[in-house]
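Okay, so here's the structure we're looking at.
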Amino acid sequence: MQAPLAYYERLSVAQQSRATELQRRYDRLAIVRLVVFFVALALLILAWSQGVWVGLVSTGVTAAVLGWGVRAHQRIGQAAARARVLGELAEAEVRSLH
C-alpha cells in the first residue's frame, strides 16, 4: 500500500494536468463550433434558395449536427471542471497531511 501523501500528490498532479488538457480542448472546440456555425448558415441560405424541401431537410440536419456539437462541448467543459475540482481536493489533502 502506498503512503497517503504520495497518493494525493500524484492524484493532484494527474487531475490538474487532465483539467488543463480538457480546457485546451474545450477552447479549441469553441472556435471550431463558431466556424461550423457560420459555414452552416451560409449553406442553409444556399439550401433555402434551392427550394422549400431542400431548405427544410437541410435545416433539420444542421440543427441536429449543431445540437450534437453543443452537447459534446458541454461534456468536455463539465469534465474539465470535475478534474479541476478533484485536483483541488487532492491538493487540500496534501496540505492537510503536511
- Query: Checking side-chain contact (heavy atoms from CB on, under 4.5 Å) for the pair Arg84/Gln23: CA distance, chi angles, key distance, verdict?
  - Reply: CA-CA 10 Å; Arg84 210 171 13 261; Gln23 188 62 47; 3.6 Å; yes

Checklist entry - Where do Leu66 and Val70 land on the side-chain contact (heavy atoms from CB on, under 4.5 Å) test, with the steps shown first? => result CA-CA 6 Å; Leu66 291 177; Val70 167; 5.5 Å; no

How long is the span from the [atom1] atom in [X] to the [atom2] atom in [Y], to the nearest 0.5 Å?
X	Y	atom1	atom2	result
Glu91	Tyr8	CD	OH	13.0 Å
Leu43	Thr59	CG	OG1	11.0 Å
Leu86	Leu11	CG	CG	7.0 Å
Gln16	Glu88	CD	CD	8.0 Å
Ile76	Arg28	CD1	CZ	9.0 Å

Just by distance, do the side chain of His73 and the backbone of Tyr26 share a donor-acceptor pair under 3.5 Å? yes

Could you tell me whether the side chain of Ser12 and the main chain of Glu9 form a donor-acceptor pair under 3.5 Å? no

Fill in: His98/Leu5 under side-chain contact (heavy atoms from CB on, under 4.5 Å): CA gap, chis, key distance, verdict
CA-CA 8 Å; His98 274 281; Leu5 180 59; 3.9 Å; yes

Fill in: Trace of the side chain to side chain donor-acceptor pair (under 3.5 Å) decision for Trp48 with Ser58
CA-CA 8 Å; Trp48 277 96; Ser58 299; over 6 Å; no

Applying the 4.5 Å side-chain criterion to the ILVMFWY set and letting contacts propagate, would [X] and [Y] be lumped into a single cluster?
X	Y	result
Leu29	Ile31	no
Val52	Val57	no
Phe37	Val39	no

When every non-hydrogen atom of Arg18 is compared with those of Ala79, the smallest separation belongs to NH2-CB, 4.4 Å

Salt-bridge present (Arg24, Glu21; N to O < 4.0 Å)
yes

